[in-house]
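Just so it is clear, the values below take in all heavy atoms, side chains as well, and ignore hydrogens, waters and symmetry mates. Index from 1, following the sequence. Both counts, for ligands and for their atoms, begin at 1 and track the order of listing.
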Amino acid sequence: MDVVGLRQSWAQLQVAGPEAARYFYATLFTIAPEVRSMFPTNMRYQEDKLLAALGHIVSHVDDERELAGFTRRLGADHRRFRGADRQGRAVPLAQGHYRWVGQALLATLERFLGPRWTPGLRADWTAAYEVVTRLMLAGAADAELSSPPLWEAEVLRVQRRRADVCVFTVRPNYLCEYLPGQSLPVQVPQLRLWRYLSPANAPRADGTIEFHVRATGRFSTYLVRRLRVGDQVLLGSPTGTALSSYGRSPHLRLLLVAGGTGLAPLRAVVEALRAEPRPTTLVVGGRTPDDLYDDAAVWELAGASGWLRYVPTVQTAWRWSGAVGTAGDTAVRLGPWRDTDVLVCGSPQMTRETIGALVASGVAAQRILAEVYDHCQYPPLAGQAAAAVRDFSGTGVR
Ligand code: HEM
């Protein structure tokens, strides 16, 4: 298989941008109208995620070990997307669904590569796609032995902390095993949209999970305004490897820097640290004190521990006796941070600025952990630079 040819043709397709994604979906829905209902009516969020991940994977097809890890996890997670049979009953994704997606992919490549689309290239893409399909289906089959395709969860408690922020607790029907710092795809059946939220608590014996949401889009606004006790939500498989690696050097101190509801996964980490305490500083930034929607809970955590220093910081305030400045600036002022692992979580802008300020102050970049976005929410393939910091500005981790 000519991997260089695959990569080059993928780069050529990328030049077409969103047009290629639109063509891909239009073709897919023409070949297989039955899959249309699996995707949201408004495809803006999905955009080119499937296609981008697909092309990315296929063009990394020579790195067998990494490819297998990535695609098997993706396949396992795809168990939450159900097709429908002729009677409209939900069915798991099967070979046939993958065949349709493969046909749409090849048609898209052919359309946008024009004369550069040769029979040799077609054979290579076909072979690479078959490898991906096999791995995704194998990942799904293996996961079936250990976890449900998704969890149904009942909303037990909803607290509106501000007009645009809510904290809610759910109880999944089976124990959902996640690592502190990870996030979960969440769907409200009424909207049929999947978005990622990060548990704000370490796993509990009773399985309940707390989420923090700020209203920024349709999904998060629905949760903040309409979610009620007794509602049902669906949860998919936990994902994310950066923040959950907080234990990688247990002999080091920890600095946790949060902006807005980016506090959620860091609070889960703090809760988990109670079992193995180590000197930890948690800086939580807001524009005004009103943004510190979880202040009381965090003070309570810090008060009960001899190892956690909590530093809320705001940019503007009237009669505020605490730290003043962005989370990043305050974190830098509290340094130097030698022999410290640093976790950062907030909006992409906050995360970028915080990492920039910390690195400029002398913190080694490899000591900083922040979740990254790479076409989808799965760990990046080896050697791939982080494409962009995930948007943690609104929902749960946001
Ligand atoms: C073979 C390669 C495939 C790859 C690489 C792939 C990749 C992806 C990725 C990265 C996402 C976004 C996940 C997220 O943000 O949570 C996604 C979502 C999705 N995929 Fe796939 N996918 C593949 C095959 C399929 C197939 C065969 C189907 C079924 C026909 C399918 C149906 C879906 C659906 C329904 C969504 C969710 C759309 C939404 O609600 O936003 N995928 N896929």
Side-chain angles (χ1 to χ4, degrees), residues 10 21 24-25 27-61 67-85 90-106 108 125-140 149-150 182-198 217-219 234-240 371-381 387-388 390-391 395-398:
W10 176 245
F24 168 79
Y25 282 109
T27 311
L28 177 62
F29 298 151
T30 308
I31 296 171
E34 51 270 70
V35 304
R36 180 63 190 93
S37 61
M38 296 174 68
F39 291 86
T41 0
N42 180 350
M43 292 288 289
R44 213 168 40 148
Y45 181 80
Q46 172 71 11
E47 280 174 345
D48 59 350
K49 271 202 276 179
L50 193 160
L51 186 61
L54 193 52
H56 184 75
I57 294 168
V58 169
S59 54
H60 282 74
V61 77
L67 180 80
F70 183 91
T71 44
R72 290 174 75 94
R73 260 191 305 275
L74 189 60
D77 184 48
H78 264 60
R79 292 180 302 144
R80 74 186 140 104
F81 307 131
R82 316 290 272 181
D85 67 11
V91 292
L93 286 195
Q95 190 90 38
H97 295 99
Y98 281 88
R99 201 172 312 118
W100 293 326
V101 165
Q103 285 168 2
L105 172 71
L106 294 185
T108 307
W125 271 95
T126 306
Y129 181 79
E130 270 166 21
V131 173
V132 173
T133 299
R134 190 169 40 74
L135 288 169
M136 283 183 70
L137 286 170
L150 44 74
Q182 284 192 311
S183 51
L184 311 173
V186 178
Q187 192 194 67
V188 194
Q190 293 86 332
L191 292 186
R192 302 190 60 213
L193 297 172
W194 288 97
R195 294 289 183 273
Y196 285 83
L197 299 181
S198 204
R218 190 163 158 243
F219 176 83
L234 302 176
L235 310 177
S237 303
T239 181
E371 217 60 69
V372 293
Y373 176 80
D374 69 309
H375 310 295
C376 61
Q377 316 291 347
Y378 302 88
L381 294 169
R390 257 175 80 179
D391 183 357
T395 49
V397 275
R398 298 172 200 221

Handout entry: Which of the ligand 1 atoms, numbered from 1, are nearer than 4.0 Å to a heavy atom of His97
Key = 27 (C), 30 (C)
Practice task
Below 4.0 angstrom from a heavy atom of Ala53, which ligand 1 atoms are there? Numbered from 1 as shown, please.
Solution key: 10 (C)
Handout entry: ligand 1 contact on Met136 by region, counting heavy-atom pairs under 4.0 Å
Key = side chain
Practice task
Answer whether the closest heavy-atom distance between the side chains of Phe219 and Gln187 falls below 4.5 Å.
Solution key: no
Fill in the blank from the handout: The answer for which part of Arg80 has a heavy atom under 4.0 Å from ligand 1 is side chain
Handout entry: Under 3.5 Å donor-acceptor, Arg192 side chain and Ser37 backbone
Key = yes
Problem - N or O contact, Trp194 vs ligand 1, cut-off under 3.5 Å - result: no
Problem - Close aromatic pair by centroid cut-off 6.0 Å: Phe81 and Phe39 - result: no
Practice task
Run the contact test for Ile57 against ligand 1 with a 4.0 Å cut-off on heavy atoms, strictly below, and give the result.
Solution key: yes
Exercise for the section: Please work out whether any backbone atom (N, CA, C, O) or any side-chain heavy atom from C-beta onward of Thr71 is under 4.0 Å from ligand 1, and answer side chain, backbone, both or neither. Expected result: neither
Handout entry: Side chain Ser198, main chain Gln182, donor-acceptor under 3.5 Å
Key = yes
Practice task
Counting heavy atoms only, name the option from Met38, Gln95, His78, Glu34 that's nearest to atom 20 (N) of ligand 1.
Solution key: His78
Problem - Side-chain heavy atoms of Leu197 within contact of Ser183, under 4.5 Å - result: no
Practice task
Pick one of side chain, backbone, both or neither for how Leu193 approaches ligand 1, counting any non-hydrogen atom pair under 4.0 Å.
Solution key: neither
Exercise for the section: Below 4.0 angstrom from a heavy atom of Leu74, which ligand 1 atoms are there? Numbered from 1 as shown, please. Expected result: 4 (C), 5 (C), 7 (C)
Practice task
Using atom types as modelled and distance alone, determine if a side-chain donor or acceptor of His78 lies under 3.5 Å from a backbone N or O of Leu74.
Solution key: yes
Exercise for the section: May I ask whether Trp100 has any heavy atom positioned less than 4.0 angstrom from an atom of ligand 1? Expected result: no
Problem - Any donor-acceptor pair under 3.5 Å from Tyr129 side chain to Tyr98 backbone - result: yes
Fill in the blank from the handout: Taken to the nearest 0.5 Å, the spacing of Arg73 CZ from Met136 CE works out to 12.0 Å
Handout entry: Side chain proximity check, Gln95 to Leu137, heavy atoms < 4.5 angstrom
Key = yes
Problem - Within-cut-off N or O pair, Tyr196 and ligand 1, under 3.5 Å - result: yes
Exercise for the section: Would you kindly specify which portion of Tyr98 sits under 4.0 Å from ligand 1, judged on non-hydrogen atoms: side chain, backbone, both or neither? Expected result: both
Problem - Sub-4.0 Å heavy-atom approach of Pro40 to ligand 1 - result: yes
